[in-house]
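All values below were derived from every heavy atom in this structure, side-chain atoms included, with hydrogens, water molecules and symmetry-related copies excluded. If you read the sequence from its start, that first residue is 1, and numbering goes on from there. First listed ligand is number 1; within each ligand, the first listed atom is number 1.
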Amino acid sequence: MFRPTTGTVMDNVSLGRAYHLTIKAPSIAAGAQPGQFVHIRCGDTYDPLLRRPFSLHRFDPEQGTIEILYRIIGKGTEILSRKKAGENLDLMGPLGKAFSLPGSRPAVLVGGGMGVAPLLALADKLVDSGVKVTALIGANHVRELFRVEEFVKRGASVELATLDGSAGFPGPVTELLERHLHLEPESFIYACGPDPMLKLVGELAASYGTGGEVSLESFMACGVGACLGCVYEIFGEKGRQYARVCTEGPVFPLEVVVKGELS
Ligand SMILES: Cc1cc2nc3c(=O)[nH]c(=O)nc-3n(C[C@H](O)[C@H](O)[C@H](O)COP(=O)(O)OP(=O)(O)OC[C@H]3O[C@@H](n4cnc5c(N)ncnc54)[C@H](O)[C@@H]3O)c2cc1C
Ligand code: FES
């Protein structure tokens, strides 16, 4: 049973259209794996009542810190954006299933918009494990491309795409993926982003005969498998079935997602 823990805000910096939050939370950092998330009680009152889930953008067990990359969507994230260094946060985590390692295959990370959030922690782990990493990062506009330099610093080969052509390739990030798979079809894909992007990623993976994993988002209540508030239709061993994103995910094999709700 997960017990809430108290974290202390160290920094909560505006990046323009997103925020980068660093929290001292040694017990969470100690057990964290890329792909997992933390469930945060954003306010101190009963509105909003429910915790809000956020991917672990990065974590450092030695420093005892976790990092979150988020954008303001509604009340919870607006309250979060006003948190200052030194304030406490009620946290639960690390929760959910993590990404797996690709063995000896190269990795290609595909992030659309805020979907880049869980991929930096993954890039850290892959690079440390000796895996060759390419990061394809897409957004609507250059101002929605976040933390690109951190992927570069970690030694990932980075390519950018924007739908309005304001930076990098002018078009969807999936076109960069197609080019990449043409050159390196054995790449293992890790993707996070909007459902239409994930659907295209799945179709490309199938046509190039490769596989991968996706990190999904859904509305969540309990975050620990008890309420069924987060179910997502997947295509598992028993055919079409519902999976709880909070405990059976948020990371799923690409094919079970693409043949499920996204089909
Ligand atoms: C496993 C997981 C990991 C996540 N990681 C991140 C992350 O790293 N960074 C990040 O910014 N967000 C992340 N999210 C999404 C984040 O949890 C929501 O943005 C947040 O809960 C919104 O809370 P709110 O109170 O601000 O908005 P709410 O008041 O809950 O919602 C306001 C409005 O936005 C809509 N809405 C709510 N959530 C979303 C959404 N995800 N997409 C589109 N519309 C939505 C609602 O229907 C409502 O109309 C993650 C979600 C999951 C499930
Ligand atoms: S949020 Fe309650 S079961 Fe997933």
Item checked: Minimum-distance pair of heavy atoms, taken over all atoms of Val142 and Thr162 -> N-CG2, 3.7 Å
Item checked: Test item: Arg51 side-chain N/O and Asp90 main-chain N/O as donor-acceptor pair under 3.5 Å -> yes
Next item on the list: At a heavy-atom distance under 4.0 Å, which protein residues reach ligand 1? Sort them by chain and number, would you?
Entry: Arg52, Pro53, Phe54, Ser55, Leu69, Tyr70, Arg71, Ile73, Gly74, Lys75, Gly76, Thr77, Met114, Ala117, Leu216, Glu217, Ser218, Phe219, Met220, Pro250
Item checked: Salt bridge flag under 4.0 Å for residues Glu203 and Lys199 -> yes
Check: Any side-chain heavy atom of His39 sitting closer than 4.5 Å to one from Leu95?
Finding: yes
Margin query: Minimum heavy-atom separation for Glu87 and Arg82, please, with both atom names.
Written below: OE2-O, 4.0 Å
Note to self: Check this for me: does any side-chain nitrogen of one of Arg179 and Glu159 sit under 4.0 Å from a carboxylate oxygen of the other?
What the structure shows: no
Check: Do Arg105 and Glu186 sit within salt-bridge range, that is, some charged N less than 4.0 Å from a carboxylate O?
Finding: no
Checklist line | Under 2.8 Å from atom 2 (Fe) of ligand 2 - protein N/O/S, by chain and number | finding: Cys222 SG, Cys227 SG
Margin query: I'd like to know if the side chain of Arg58 reaches the main chain of Glu67, judged simply by a donor and an acceptor atom lying under 3.5 Å from each other, with no hydrogens or angles considered.
Written below: no
Next item on the list: Before accepting this row, confirm whether a basic side-chain N of the pair Asp128/Arg154 lies closer than 4.0 Å to the acidic partner's carboxylate O.
Entry: yes
